[in-house]
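Throughout, a chain's letter reflects where its sequence line sits, starting with A, and its residues are numbered from 1. Please read all numbers here as calculations on a predicted model, not as lab measurements.
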Amino acid sequence: MRNLHTRTALFRYTHQKIPINNRSFQSSCESYANCIEKYGRDRALHSGRILHGYLIITGLVSSTYLSSKLISFYTQCGQISDARKVFERIPKTNLRRWIVLIGAYSRHGFYQETLDLFMEMQREGRKPNQYILPSILKACANLSVVQMGEKIHCVVLRSSSFDSDAFINCSLIYMYSKCGRLKNARNVFDRMLDKDLVAWNSMVSGYAQHGFARDAFNLVEKMKILGIKPNLVTWNALIAGFSQVGDSEMALELFKNMRVDGFEPDTVSWTSVISGFVQNFRNTEAFDTFKQMVGSGVRPSSFTISSLLPACATRADSKRGKEIHGYALVIGVEEDVFVSSSLVDMYAKCGFIFEAGKLFNKMHRKNTVTWNSMIFGYANHGYSNKAIELFNQMLEKDDVKPDHLTFTAALTACSHAGMVEVGQNMFHLMQEEHGIEPRLEHYACMVDLIGRAGELVEAYNFIKAMPIRPDFFVWGALLGACRNHGNIELAEIAAKQLFELEPENAGSCLLLSNLYADAGSWVDAERLKRMMKRKRLRRNLGCSWIQIA
DNA sequence: TTAGGGTTAG
C-alpha cells in the first residue's frame, strides 16, 4: 500500500513540467521539498534517489533549499556518503552548507560524523555560529564527550552574543544534563536572564532523566509560581522521570493531573509509563497499559514497540513477541533500528535463533546493539563459530564500532567453544586496537576460558595480575573450572574469596563440598555441609518456565 | 538551531 502510494506520488512529481518563472520555481521547490521529506520519513531510499536524479536533470538541485532537504533525506535513510556528496555540490562560499549538513547529521543521530565535520569546518577556517553550536553540543551530549562540551562553553562565555543566546544555553543545559553534570547544567540555567519554557523543560528533563524525579517535580512547582505554564513536554518529562525510578503510581497520577490542566496523554506519555513498567519487571502491567493505550486511540510508535519487546524477551513469551512483531509491521516501524534490534533480541531469547538470524540479515541499518544482540544470541545458543564469524564481520564495518558488550559476547562464544587462543587475541585486540578497558565481566570470561581448557594455574595467575579487584563472577569462574578439573587446592582459594565476597551465598560451599566428595574427602565434604547447616545457608532453588499457548 | 518516550550483559 505504501509502495503504491510512493509510486503514485513519484509519478505525479516526476511528470510535472519544468518550471519556467520564479513563482512557479518556488512553488515547485516547495512541492519537491515536501516529497523528499515524505520519502525521508518513509525511508523510501529508492524513490528518493529517482527524484534526486530528476532534480539533477532539471537543474533544480542547484537550490540550496532542495539540497538541504536531500541531505536530511539521505541521513534519515542512513546514507551518510550520499548526504556528503550532495553537500559537496553546494558552493563552497556558502556557510549554510555547513549548517545544513552538521544539523542533519546531529538531528539524525550521526554524532561522531557531526563532530568530525565540525573539525573539518574549523580546518577550513570557518568559525562556528549560533546555528551550529547547538548541533555540536547535542553531539557532545550524546557521545558523552563532556570535555569538548566544556571547551564550547568557554567559547560561549567569551562571546556576549553566544552567552545570551537562548538556543545555545538550552543546548548547554542539555549537554551537561546528558553527561550527568547536573550542577553545571543548573549553573547555566540559573545564569540565564530570560528563561523561556524550553530552558525550564531542559532543566526539568535533566533532573527527571537522572533519577531525580522529585527535584524535577519541585522545579515545575517553582515554574508555575513564576507564572510559566507547563506544556506537554513538561508533563511528559515528569511522567518519564517517575516511571524510570519505579514510581509508576505517581506517573499515572500525573496522567490525571495533565488532563485537568488541559492536556491529553500522547504517545510519549503512554510510552514512558510502559517503559517504566518494563524496566521495573512489571511486565503484566506493561502489556495492560499497552492495551489501554491502543484502546484509547493513541497510536503506538517505534519507541513504544521497542520499549515493550524486552518484556517478551525476559519472559521468553514468544507468542506475545510475535503478536507485537505483527503489530510493528502493521504500523510500519519494523525497520526502525531500535525495533528491529529488539526483535532480534526477543527471537534469540525466546529460542528462535534462526528467525533472529533471518531478521538480522534482512536489516538495512544495524547499530552496535543489533550486532551485539545477534552475537549474544549465537553465543548463548552454542553457535560459537557463527558468533565469532559475525564478530569478525562487524570489525570490518566502517559504520559501526564494537563496544564492551561486543567483546563480552564474543569472549563468551570463545569460552563456550574452548577457543583459548582466539579469546586471548580478542582480549588484547579489545585494549590495543579498540581502546576498551577490560571490565570485570571480561576478566570473568577470560578466567572461564582459560579454566575450561584446564589451565587452572594460568587462570589463577591471571586473576592475581588483574589491575582491579576480582568480583564474585571472576572467582566463581575459577571455582567452576576447579570443579570440572578436580583441583582442590585452587578450589579452596577461590571458595575462600567467594565466602568473603558473598557470605550468604550457598552455591560456592556446595560446589566445594561436591569437589571434596568427588575426590573421596568425605570428612571435608561433611564438615562443609555441617557449616552450611550451622549458618543456615540454603541454596536458592532454580526455576524455569515455559509459555503455554 | 534549543526541551519529553526506545534496543544488548551481569
base_contact_polar ([N] base, [X] side chain, donor-acceptor, <3.5 Å):
{"X": "N372(A)", "N": "dA9(B)", "answer": "no"}
{"X": "D266(A)", "N": "dG5(B)", "answer": "no"}
{"X": "T408(A)", "N": "dG10(B)", "answer": "no"}

How many Å lie between [atom1] on [X] and [atom2] on [N], as a whole number?
{"X": "E334(A)", "N": "dT7(B)", "atom1": "CD", "atom2": "P", "value": "18 Å"}
{"X": "E502(A)", "N": "dG10(B)", "atom1": "CD", "atom2": "C1'", "value": "12 Å"}
{"X": "F277(A)", "N": "dG5(B)", "atom1": "CZ", "atom2": "P", "value": "18 Å"}
{"X": "I99(A)", "N": "dT2(B)", "atom1": "CD1", "atom2": "P", "value": "13 Å"}
{"X": "I305(A)", "N": "dT7(B)", "atom1": "CD1", "atom2": "C1'", "value": "13 Å"}
{"X": "W270(A)", "N": "dG6(B)", "atom1": "CH2", "atom2": "P", "value": "17 Å"}
{"X": "Y443(A)", "N": "dG10(B)", "atom1": "OH", "atom2": "C1'", "value": "17 Å"}
{"X": "E335(A)", "N": "dT7(B)", "atom1": "CD", "atom2": "C1'", "value": "16 Å"}

With a 4.0 Å limit, can you tell me whether Q209(A) has a side-chain N or O closer than that to the phosphate oxygens OP1/OP2 of dA3(B)? no
Which nucleotide in the list [options] gets nearest to the side chain of [X]?
{"X": "D336(A)", "options": "dG5(B), dT8(B), dG6(B)", "answer": "dG6(B)"}
{"X": "Y174(A)", "options": "dA3(B), dG6(B), dG5(B)", "answer": "dA3(B)"}
{"X": "S306(A)", "options": "dT7(B), dT8(B), dG5(B)", "answer": "dT7(B)"}
{"X": "H404(A)", "options": "dA9(B), dG5(B), dG6(B)", "answer": "dA9(B)"}
{"X": "F303(A)", "options": "dA3(B), dG5(B), dT8(B)", "answer": "dG5(B)"}
{"X": "K349(A)", "options": "dT8(B), dG6(B), dG5(B)", "answer": "dT8(B)"}
{"X": "L197(A)", "options": "dA3(B), dT2(B), dG6(B)", "answer": "dA3(B)"}
{"X": "F473(A)", "options": "dA3(B), dG10(B), dT7(B)", "answer": "dG10(B)"}
{"X": "N201(A)", "options": "dA3(B), dT8(B), dG10(B)", "answer": "dA3(B)"}

Can you list, by residue number, the residues of [range] that have a non-hydrogen atom closer than 4.0 angstrom to DNA chain B?
{"range": "residues 105-116 of chain A", "value": "none"}
{"range": "residues 129-146 of chain A", "value": "Q130(A), Y131(A), P134(A)"}
{"range": "residues 338-347 of chain A", "value": "F338(A), V339(A), S341(A), S342(A), D345(A)"}

Under 4.0 angstrom, heavy atoms only, what part of the nucleic acid is [X] near: base, sugar-phosphate, or nothing?
{"X": "N169(A)", "answer": "nothing"}
{"X": "S171(A)", "answer": "sugar-phosphate"}
{"X": "S302(A)", "answer": "base"}
{"X": "K366(A)", "answer": "nothing"}
{"X": "D165(A)", "answer": "nothing"}

Backbone N/O of [Y] and side chain of [X]: donor-acceptor pair under 3.5 Å:
{"X": "S384(A)", "Y": "A413(A)", "answer": "yes"}
{"X": "N187(A)", "Y": "D190(A)", "answer": "no"}
{"X": "S318(A)", "Y": "G321(A)", "answer": "no"}
{"X": "S243(A)", "Y": "G276(A)", "answer": "no"}

Side-chain donor-acceptor pairs of residues 441-452 of chain A under 3.5 Å, sequence neighbours excluded:
residue: H442(A); atom: ND1; partner: R439(A); partner atom: N; Å: 2.9
residue: H442(A); atom: NE2; partner: H404(A); partner atom: O; Å: 2.8
residue: H442(A); atom: NE2; partner: T408(A); partner atom: OG1; Å: 3.1
residue: D448(A); atom: OD2; partner: S415(A); partner atom: OG; Å: 2.4
residue: D448(A); atom: OD2; partner: R452(A); partner atom: NE; Å: 2.8
residue: D448(A); atom: OD2; partner: R452(A); partner atom: NH2; Å: 3.2
residue: R452(A); atom: NE; partner: S415(A); partner atom: OG; Å: 3.4

Under 30°, 30 to 60°, or over 60°: which ring-plane class applies to F242(A) and F217(A), parallel, tilted or perpendicular?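 Taking F217(A) first and then F242(A), their aromatic rings stand perpendicular (interplane angle over 60°).
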Below 30° counts as parallel, above 60° as perpendicular, anything between as tilted: where do the rings of F87(A) and W98(A) land?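 Rings of F87(A) and W98(A): perpendicular, as their planes differ by over 60°.
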Ion pair present between R181(A) and E150(A), side-chain N to carboxylate O less than 4.0 angstrom?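 So R181(A) pairs with E150(A) through a salt bridge.
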Ring centroid separation for F407(A) and F391(A), is it under 6.0 angstrom? yes
Taking the six-membered ring for Trp and the full ring for Phe, Tyr or His, determine whether the centres of F255(A) and F263(A) are under 6.0 Å apart. no
How long is the straight-line distance from NZ of K222(A) back to CG of D215(A), given to the nearest 0.5 Å?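 Rounded to the nearest 0.5 Å, the CG-NZ separation comes to 11.5 Å.
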How many angstroms lie between OG1 in T114(A) and CD1 in I136(A), if you round to the nearest 0.5 Å?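 Rounded to the nearest 0.5 Å, the OG1-CD1 separation comes to 6.5 Å.
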Per the ring pair (Phe, Tyr, Trp, His ring centres under 6.0 Å) rule, what does the pair list look like for residues 172-197 of chain A, sequence neighbours excluded? H153(A)-Y176(A), F189(A)-W200(A)
By ring pair (Phe, Tyr, Trp, His ring centres under 6.0 Å), which residues pair with F360(A), not counting sequence neighbours? W371(A)
